[in-house]
Amino acid sequence: MLDIKMIRQNVDEVKEQLGNRGVKPEIIEEIVAKDRKRRDIIVQTETLKKQRNDVSQAIAQLKRNKENADAQIEEMKKVGDAIKAFDEELNGLDEEVTDMASRLPNMPNKTIPVGPDEDSNVELRKVGTPRTFDFEPKAHWEIGEKLDILDFERGAKVAGSRFLYYKGWGARLERALYNFMLDEHAADGYTEIIPPYVVNDESMYGTGQFPKFKADVFQIENENLTLIPTAEVPLTNYYRDEVIPEEKLPVYFTALSPSFRSEAGSAGRDTRGLIRLHQFNKVEMVKYTKPEDSYAELEKMTNDAGRIMEKLGLPYHVITLSTGDMGFSAAMTHDLEVWLPAQDMYREISSCSNTETFQARRAHIQYRDDNGKLQFVHTLNGSGLAVGRTLAAVLENYQNEDGSVTVPEVLRPYMGGLDVIK
RNA sequence: GGAGAGUUGGCAGAGUGGUAAUGCACCGGACUCGAAAUCCGGCGAACGCUGUAAUGGCGCGCGCAGGUUCAAAUCCUGUACUCUCCUCCA
């Protein structure tokens with residue numbers, strides 16, 4: 001959520017910056033106009049309320065003296081009606097302004113590339129060299145089905161398309177990966193969390209999924225509960241409506257959770273394999289920081305995600321998303337993309353973002369600065385990593401010509417010492 | 001799922017129709033060589049509107065949302081959460 005005061009005072013800058021994210025300037029103008037009207041009404045209604053308070057005191061005094069107050073009471077009936085009318089109009093406007101403002105994306109950091117879509121993203125660095133194959137590398141779903149460790153058909157039968165069964169060494173490999181990731185993050189100072197996998201609407205609002213992106217999630221019918229699309233939601237809402245003691249900052253959380261996404265609007269894209277599912281495991285990292293530290297913490301978090309791939313021996317690159325490609329809540333995002341040999345391209349496996357105060361404002365997460373003043377924290381989130389996509393990358397990058405898959409060195413302790421899945 | 005109790009400032013805790021006591025904590029001052037104790041004063045929180053050269057003014061505010069009333073912490077309705085008992089259960 002952007003600060004309405006900030007919008008009011010920087011109309012042109014907001015128009016320009018959000019214009020880079022595809023927001024029409026008329027929307028900003030409408031918000032500002034409604035806000036102007038809203039404040040006019042506040043002045044009027046508060047003047048009347050002051051009058052009501054004063055006269056009510058006088059009425060109380062008269063009654064105590066056993067004097068007649070009928071005239072004043074009659075007068076206040078009219079004032080009360082007027083207040084009610086103003087308040088109703090005010091509530092309507094409040095709702096409109098808040099609703100419109102809550103649908104505005106975050107202001108992008110000024111250093112990130114401006115552009116309409118992913119073509120304007122900028123590569124920061126490449127890490128590792130894609131292996132050269134002396135045979136045609138197979139797609140991970142082929143490898144997985146052949147080894148009988150991934151079963152998409154039965155997933156579709158029992159749940160639907162974009163669901164699957166992991167089986168045998170496939171299930172074990174998934175478990176090895178996320179245990180490895182959690183152990184690494186714990187060593188880097190993240191506190192491990194097992195969060196709720198469903199959350200209420202307030203939480204979805206707090207991190208920015210609601211109200212705009214309800215179509216992207218699964219909700220429990222007749223309940224105020226949504227299956228989490230990412231552990232970012234419960235991890236960031238942990239401190240919702242709280243003041244974090246300053247000495248606790250920065251806070252580092254990590255959690256493994258399933259992520260549930262309806263994938264509305266992605267029909268026909270990535271229909272095979274582990275890339276785009278309705279349910280997938282993800283290890284998430286979340287940080288709460290002081291404003292002055294957040295960008296350094298974003299770099300650290302990005303490196304924490306990258307190091308997982310380095311230890312797994314997976315080639316990847318890091319890109320900075322352009323204004324047009326960034327997620328709703330982010331001020332800056334680094335994506336990490338892993339090399340998938342069968343697709344002959346890098347695919348997103350992690351996304352690390354600094355939302356600055358955008359989520360903190362929505363979720364009311366604050367701390368007290370040195371002057372004792374309440375300030376919004378900065379919140380960051382990043383995948384470390386998407387487990388299913390990591391498993392896909394392991395299968396493809398570590399496949400052998402005979403269809404077997406070599407187990408990356410660092411995972412063998414998690415796989416009972418197994419070195420090849422065949 | 002059923003029954004009951006509760007929710008007030010950082011904490012404790014009064015207040016059943018007239019606009020939020022009090023204590024602790026906190027801040028300033030006095031006393032003291034200094035501190036403690038004591039005394040005096042202040043502050044109670046966020047948020048919103050407004051505004052001065054500036055201290056400010058006002059609204060709001062008693063879990064949340066409505067309602068009744070000239071006036072609501074107080075009465076009514078709904079709802080969330082916590083605790084206790086019953087029921088159920090891994």
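First the proteins, then the strands, lettered A, B, ... as listed; each starts at 1.
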Asks: Provide, to the nearest angstrom, the distance between the NZ atom belonging to A:Lys78 and the P atom belonging to B:C70.
Replies: 13 Å
Asks: Hey, does the side chain of A:His140 reach the backbone of A:Ala393 with a donor-acceptor pair shorter than 3.5 angstrom?
Replies: no
Asks: Rounded to whole angstrom units, what separation is found between the CD atom of A:Glu202 and the C1' atom of B:C81?
Replies: 12 Å
Asks: B:A72, OP1 or OP2 - any side-chain N/O from A:Arg52 closer than 4.0 Å?
Replies: no
Asks: If I pick the P atom on B:A20 and the same atom on B:A25, what distance separates them, to the nearest angstrom?
Replies: 26 Å
Asks: What's the CD-C1' distance between A:Glu95 and B:A65, to the nearest Å?
Replies: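 For the pair A:Glu95 CD and B:A65 C1', the rounded distance is 13 Å.
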Asks: Take atom P in B:C27 and the same atom in B:U32, then report the distance between them in whole Å.
Replies: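 Per the computed distance, 22 Å lies between those P atoms.
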Asks: Work out how far the P atom of B:G63 is from that of B:G6, and round it to whole angstrom.
Replies: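 Result for the P pair: 13 Å, nearest Å.
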Asks: Output the rounded distance in Å from NZ (A:Lys66) to C1' (B:G18).
Replies: 13 Å
Asks: Between the side chains of A:Arg307 and A:Glu184, is the shortest nitrogen-to-carboxylate-oxygen separation below 4.0 Å, so that they form an ion pair?
Replies: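 No.
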Asks: Hey, can you tell me if A:Phe163 and A:His278 have their rings parallel, tilted or perpendicular (30° and 60° cut-offs)?
Replies: tilted
Asks: Check the phosphate of B:A71 against A:Asn53, side-chain N and O only, distance under 4.0 Å to OP1 or OP2. Yes or no?
Replies: no
Asks: Please report, rounded to the nearest Å, how far the C1' atom of B:U68 is from the NZ atom of A:Lys77.
Replies: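 These atoms are roughly 13 Å apart.
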Asks: What one-letter contact string describes nucleotides 73-80 of chain B from 5' to 3', where B marks a base within less than 4.0 Å of any protein heavy atom, S marks contact via sugar-phosphate atoms alone, and - marks no contact?
Replies: --------
Asks: Expressed in whole Å, how much space separates the P atoms belonging to B:A54 and B:C40?
Replies: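 Rounded to whole Å, the distance is 36 Å.
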Asks: Give the dot-bracket line for RNA chain B from 5' end to 3' end: parentheses for intra-strand Watson-Crick or G-U pairs under 3.5 Å, square brackets for crossings, | for inter-strand pairing, dots for unpaired.
Replies: ((((((((.[[[..)..(...]]].(((((.......)))))....((((.....))))...[[[[[..)....]]]]])))))))....
Asks: Is a donor from one side chain sitting under 3.5 angstrom from an acceptor on the other, for A:Thr45 and A:Asp87?
Replies: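 Yes, side-chain donor-acceptor contact under 3.5 Å.
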Asks: Using the C1' atom in both, what is the distance from B:C62 to B:A72, to the nearest Å?
Replies: 11 Å
Asks: Distance only, no hydrogens: is a donor on one side chain within 3.5 Å (strictly under) of an acceptor on the other, for A:Asp335 and A:Ser351?
Replies: yes
Asks: Please confirm whether the ring centroid of A:Phe260 lies under 6.0 Å from the ring centroid of A:Tyr197.
Replies: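 No: the rings miss the under 6.0 Å criterion.
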Asks: Quantified in whole Å, what is the C1' atom distance between nucleotide B:G4 and nucleotide B:G15?
Replies: 24 Å
Asks: For nucleotides B:C85 and B:A12, find the distance between their C1' atoms and express it as a whole number of Å.
Replies: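 Going atom to atom, C1' in each nucleotide, I get 28 Å.
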Asks: Quickly work out the A:Asp94 CG to B:G59 C1' distance and round it to whole Å.
Replies: 13 Å
Asks: Please answer whether the main-chain N or O of A:Val338 pairs with a side-chain N or O of A:Arg347 as donor and acceptor at a distance below 3.5 Å.
Replies: no
Asks: Is the number of heavy atoms from other residues, nucleotides or ligands within 6.0 Å of OH (A:Tyr238) greater than 12?
Replies: no
Asks: Please, which pairs that meet side-chain hydrogen bond (donor to acceptor under 3.5 Å, both in side chains) have at least one residue in residues 375-393 of chain A, sequence neighbours excluded?
Replies: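 Sorted result for residues 375-393 of chain A: A:Glu232-A:Asn381, A:Ser294-A:His378, A:Thr355-A:Thr379, A:Gln359-A:Thr379, A:Asp369-A:Gln375.
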Asks: For RNA chain B, whose closest nucleotide is more 5', that of A:Ile59 or that of A:Glu88?
Replies: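 Here A:Glu88 is the residue nearer the 5' end.
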Asks: Rounded to whole Å, please give me the gap between CG in A:Leu90 and P in B:C60.
Replies: 12 Å
Asks: Is atom CD of A:Glu16 surrounded by more than 12 heavy atoms (other residues, nucleotides or ligands) closer than 6.0 Å?
Replies: no
Asks: Would you say A:Ser259's side chain and A:Lys282's backbone share a donor-acceptor pair under 3.5 angstrom?
Replies: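 No: the side chain of A:Ser259 does not pair with the backbone of A:Lys282.
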Asks: Name each donor-acceptor pair under 3.5 Å that joins a side chain in residues 164-171 of chain A to protein atoms two or more places apart or in another chain, with its distance.
Replies:
residue, atom, partner, partner atom, Å
A:Tyr166, OH, A:Glu174, OE1, 3.1
A:Lys167, NZ, A:Asp148, OD1, 3.4
A:Lys167, NZ, A:Asp148, OD2, 3.0

Asks: Any side-chain N or O of A:Gln57 under 4.0 Å from OP1/OP2 of B:U19?
Replies: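 For A:Gln57, the contact criterion (side-chain N or O under 4.0 Å from OP1 or OP2 of B:U19) is met.
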Asks: In whole Å, measure the gap between the P atoms of B:U68 and B:C11 for me.
Replies: 34 Å
Asks: Expected output is a numbered-order residue list: members of residues 231-246 of chain A with a heavy atom under 4.0 Å from any atom of RNA chain B. What is it?
Replies: none
Asks: Respond yes when some side-chain nitrogen or oxygen of A:Lys84 is under 4.0 Å from OP1 or OP2 of B:U68, and no when none is.
Replies: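 Result: yes.
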Asks: For A:Ile41 and B:C58, give me the distance from atom CD1 to atom P, rounded to whole Å.
Replies: 23 Å
Asks: Take atom CD of A:Glu153 as the centre, draw a 6.0 Å sphere, and report whether it contains more than 12 heavy atoms from other residues, nucleotides or ligands.
Replies: no
Asks: Can you tell me if A:Lys63 touches the phosphate of B:G18, counting only side-chain N or O atoms and a distance under 4.0 Å to OP1 or OP2?
Replies: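 Checking A:Lys63 against B:G18: no side-chain N or O falls below 4.0 Å of OP1 or OP2.
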Asks: Evaluate the ring planes of A:Tyr252 and A:Tyr190, with Trp represented by its six-membered ring, and classify them as parallel (under 30°), tilted (30 to 60°) or perpendicular (over 60°).
Replies: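 Because their plane-to-plane angle lies in the 30° to 60° range, the rings of A:Tyr252 and A:Tyr190 count as tilted.
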Asks: Kindly compute the distance separating CD (A:Glu118) from CE (A:Met326), expressed to the nearest 0.5 Å.
Replies: 14.0 Å
Asks: How does protein contact run along nucleotides 44-50 of chain B, one letter per nucleotide 5' to 3', with B for base contact, S for sugar-phosphate only, - for none, heavy atoms under 4.0 Å?
Replies: --S-BBS
Asks: If the threshold is 4.0 Å, N to carboxylate O, is there a salt bridge linking A:Asp35 and A:Arg8?
Replies: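 Yes.
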